Amino acid sequence: MTRGGRPKERDGPERRCIVHGESGAIDRLIRFVVGPEDQLAPDIAEKLPGRGIWVTADRAALERAAAKNLFSRAARQRVNIPPDLLEIVETGLVRRVIDAISLCRKAGLAVAGAEKCRAAAPTAAVLVQAFDSSEAGRAKLRRVAPGVPEITCLTQ
């Protein structure tokens, strides 16, 4: 219970974003650590040793943190930020999404291929499609599964 007598509405651990100063669930934040030679490293898997520096998973927040030297302030030391930090983070996040989808496929919870997807679409929780796929192919799946959320973030 909180001081006001209301129960807390948290389901898991929360961390504070160094850009916005707001606490949030760790599934909406990206963890960074300071490695050897004071090099900043994104910890997408959240397994690297060291004190975590958390930033909201938003390109604008990452750009602001790098531009305003907020990583150094949060780490209380000079931090070397790689010039391609945004690309490193994006590549890591894409790799994590692909790995999660692969695990789901191995467990039988996800399918791939046009015919298998059309058969499974009406009972799907979400459709993950490549953003560079044909509009006609995406439209066919939308007709089979109206109202199912669609994510188009990966390439073919």
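Here the structure is a predicted model, which is why all the values come from computation and not from measurement. The figures here come from the full heavy-atom set of this structure, side chains too, leaving out hydrogens, waters and symmetry mates.
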| message | If the condition is side-chain contact (heavy atoms from CB on, under 4.5 Å), which residues does Ile26 pass it with, not counting sequence neighbours? | response | Pro13, Arg15, Glu46, Trp54
| field | From Phe71 atom CZ to Ile81 atom CD1, the distance as rounded to the nearest 0.5 Å | value | 6.0 Å
| field | Atom pair CZ/NE2 of Arg64 and His20 - distance to nearest 0.5 Å | value | 6.5 Å
| task | Only counting residues at least two apart or in another chain, list the ones meeting side-chain contact (heavy atoms from CB on, under 4.5 Å) with Ala110. | result | Cys104, Arg105
| request: Go through Leu93 and Ile44 one step at a time and tell me if the side chain to side chain contact (heavy atoms under 4.5 Å, CB included) criterion holds. | output: CA-CA 7 Å; Leu93 290 173; Ile44 305 297; 3.9 Å; yes
| request: Starting at CG of Asn80, measure out to CG of Leu40 and round the result to the nearest 0.5 Å. | output: 9.0 Å
| message | Return the CD1 to CZ distance between Ile53 and Arg76, rounded to the nearest 0.5 Å. | response | 10.0 Å
| Sequence neighbours excluded - side-chain hydrogen bond (donor to acceptor under 3.5 Å, both in side chains) pairs with any residue from residues 85-96 | Arg59-Glu90, Arg95-Asp99
| Spatial distance of atom NZ (Lys68) from atom CD1 (Ile18) [nearest 0.5 Å] | 12.5 Å
| With sequence neighbours excluded, residues passing side-chain contact (heavy atoms from CB on, under 4.5 Å) with Ser72 | Asn69, Val79
| Does anything in residues 137-148 pair up under side-chain hydrogen bond (donor to acceptor under 3.5 Å, both in side chains), and if so which pairs, sequence neighbours excluded? | Glu135-Arg138, Glu135-Arg142, Arg142-Glu150
| Sidechain-backbone polar pair: Arg16 side chain, Val55 backbone, donor-acceptor under 3.5 Å | no
| note | Between the CG atom in Leu141 and the CZ atom in Arg118, the distance rounded to the nearest 0.5 Å is 6.5 Å
| task | State which residues pass side-chain contact (heavy atoms from CB on, under 4.5 Å) with Lys116; sequence neighbours excluded, sorted by chain then number. | result | Val111
| message | Tell me if a side-chain donor or acceptor on Asp43 pairs with a main-chain N or O of Phe32 at a distance below 3.5 Å. | response | no
